[in-house]
Amino acid sequence: MEPNTKDGITIRIMTLADYATFKHLFEEQFINGEPLFDAIKGPIEPEMWNLYDQYHESMVTAGTCVVAIDEQNEGRVVGFVLAEGQTIDDVENHRLEAESIPETDIIGHIRRILCKVEAEANIYERYGVTKLLYSHLTSVDVSMRGKGLGTRLATSAMELGRSKGFTLMTAFCSSFYSARQKEALGMECIYSMKYEDYKDSEGKVVFTPPAPHTEIRVVAMKI
């Protein structure tokens, strides 16, 4: 994918150096208010942050992420998409990883609900593919919202995915707003689960985010 610039904002493939400039903002800007993470009481343990950091860096290293740079503001990162390639074998791998985490750990429940919707959405069979581009996280700086940057980032992520041989892009939207944004791009909601329907072994509802976040959706789009 070639870099593209419009109104002083350049979108290109993300590097580890780019990621290093904003990864310390994850808790403040990308995790707080996220419906699934709202269930976590207290700060996330440093060990867990390190695991997330390693996961994100693996995506960047794979060359499947894009970043938006403000050329008129000292190259500041103003948006990005973290994405990775996944295969049909990952459905079972994700299930095994989730089950290895104790149910008493809320992170285990987050992994379990994601695995549940992944399996029940039946993505690979539905579209007849064995691999896909999974859009893990999209963010646009507050100062740039409402200017079409989210659409540019998504379009660039799809272009990058096509160049790597992917024909399908998917995302799991735990937020009402992220689902609305993805569907506005033309992504189709192929599965949804209400948070009140996901319960622990004692029959208690695990996730109770505030309105309007009532469900998690799986969206997909052929690219």
Side-chain angles (χ1 to χ4, degrees), residues 1-37 44 46 49-86 131-188 219-223:
M1 184 193 88
E2 293 296 323
N4 66 86
T5 302
K6 180 181 178 182
D7 298 327
I9 306 298
T10 296
I11 296 180
R12 56 170 171 73
I13 297 174
M14 186 187 298
T15 66
L16 287 174
D18 295 323
Y19 175 68
T21 67
F22 64 80
K23 69 177 184 179
H24 64 286
L25 298 175
F26 264 84
E27 184 170 11
E28 176 186 347
Q29 295 190 11
F30 315 128
I31 300 302
N32 290 342
E34 204 285 331
L36 292 181
F37 281 87
I44 298 177
W49 276 123
N50 288 336
L51 290 175
Y52 278 117
D53 193 34
Q54 292 170 21
Y55 177 42
H56 296 155
E57 287 186 346
S58 72
M59 296 183 194
V60 178
T61 301
T64 49
C65 307
V66 296
V67 64
I69 303 295
D70 186 348
E71 303 287 5
Q72 299 172 340
N73 191 6
E74 300 180 343
R76 187 170 71 92
V77 173
V78 292
F80 62 85
V81 175
L82 290 178
E84 69 171 344
Q86 295 186 354
K131 67 177 184 177
L132 54 79
L133 182 68
Y134 168 59
S135 180
H136 172 63
L137 179 62
T138 299
S139 178
V140 174
D141 188 270
V142 175
S143 66
M144 297 300 300
R145 292 175 187 173
K147 300 180 180 181
L149 184 55
T151 298
R152 285 184 62 201
L153 281 164
T155 300
S156 296
M158 292 178 194
E159 178 188 342
L160 180 58
R162 281 194 298 270
S163 73
K164 292 183 174 295
F166 296 103
T167 59
L168 183 73
M169 185 169 79
T170 65
F172 297 169
C173 300
S174 59
S175 160
F176 169 82
Y177 302 112
S178 64
R180 185 173 64 179
Q181 188 259 353
K182 291 290 194 298
E183 290 173 8
L185 293 172
M187 299 188 78
E188 174 190 10
V219 297
M221 183 178 192
K222 292 181 179 180
I223 58 175

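Just so you know, these numbers use all the heavy atoms, side chains as well, and skip hydrogens, waters and symmetry mates.
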- Message: With a 4.5 Å cut-off on side-chain heavy atoms, are Cys65 and Val81 touching?
- Response: no
- Criterion side-chain contact (heavy atoms from CB on, under 4.5 Å) on Ile223 and Phe166, from CA distance to verdict: CA-CA 7 Å; Ile223 58 175; Phe166 296 103; 4.3 Å; yes
- Item | Glu183: salt bridge (charged side-chain N to carboxylate O under 4.0 Å, His left out) partners, not counting sequence neighbours | Arg217
- Please list, chain by chain and in numerical order, all residues satisfying side chain to side chain contact (heavy atoms under 4.5 Å, CB included) with Ser174, sequence neighbours excluded. Glu34, Pro35, Leu36, Tyr195, Ile216
- Quick one: which residue pairs count as a ring pair (Phe, Tyr, Trp, His ring centres under 6.0 Å) with a foot in residues 131-152, not counting sequence neighbours? Tyr55-His136, His56-His136, Tyr134-His136, Tyr134-Phe172
- Query: To the nearest 0.5 Å, how far apart are CE in Met187 and SG in Cys173?
  - Reply: 7.0 Å
- Begin from the C-alpha positions of Glu71 and Thr10 and carry the test side-chain hydrogen bond (donor to acceptor under 3.5 Å, both in side chains) through to its verdict. CA-CA 7 Å; Glu71 303 287 5; Thr10 296; 2.8 Å; yes
- Message: With a 4.5 Å cut-off on side-chain heavy atoms, are Met1 and Arg162 touching?
- Response: no
- Item | Flag, side chain of Thr64 to backbone of Ala83, donor-acceptor distance under 3.5 Å | yes
- Query: From Tyr19 OH over to Thr21 OG1, what is the distance, rounded to the nearest 0.5 angstrom?
  - Reply: 10.5 Å
- Query: Any sub-3.5 Å donor-acceptor pair from Arg145's side-chain atoms to Val140's backbone N or O?
  - Reply: yes
- Task: For residues Leu133 and Leu168, determine if any side-chain heavy atom of one lies less than 4.5 Å from a side-chain heavy atom of the other.
- Result: no
- Message: Restricting to salt bridge (charged side-chain N to carboxylate O under 4.0 Å, His left out), what partner residues turn up for Arg76, sequence neighbours left out?
- Response: Asp141
- Note on the structure: Hits for salt bridge (charged side-chain N to carboxylate O under 4.0 Å, His left out) against Asp18, two or more places apart or cross-chain, chain-then-number order -> Arg12
- Is there side-chain contact between Ile13 and Leu160, with heavy atoms separated by less than 4.5 Å? yes
- Using the test salt bridge (charged side-chain N to carboxylate O under 4.0 Å, His left out), find all partners of Asp53 that sit at least two apart in sequence or belong to another chain. Lys23
- Note on the structure: Rounded to the nearest 0.5 Å, the CD atom of Glu2 sits from the CD atom of Glu159 at a distance of 8.5 Å
- Between Lys131 and Lys164, which heavy-atom pair has the shortest distance, and what is it? NZ-O, 3.8 Å
- Do Ser135 and Lys182 touch side chain to side chain, with heavy atoms closer than 4.5 Å? yes
- Item | Distance, nearest 0.5 Å, that separates OG1 of Thr155 from CG of Asn4 | 9.0 Å
- Message: Distance check, rounded to the nearest 0.5 Å: Met14 atom CE versus Met59 atom CE?
- Response: 10.0 Å
- Query: Mind checking whether Thr61 and Leu16 have side chains closer than 4.5 Å, heavy atoms only?
  - Reply: yes
- Decide yes or no on side-chain contact (heavy atoms from CB on, under 4.5 Å) for Lys147 and Ile9, but give the supporting numbers first. CA-CA 11 Å; Lys147 300 180 180 181; Ile9 306 298; over 6 Å; no
- If every non-hydrogen atom of Ile11 is compared with every non-hydrogen atom of Val66, which pair is closest and at what distance? CG2-CB, 4.3 Å
- Can you find a pair of side-chain heavy atoms, one from Arg152 and one from Lys6, that are under 4.5 Å apart? yes
- Message: What's the separation between atom CE in Met221 and atom CE in Met169, rounded to the nearest 0.5 Å?
- Response: 7.5 Å
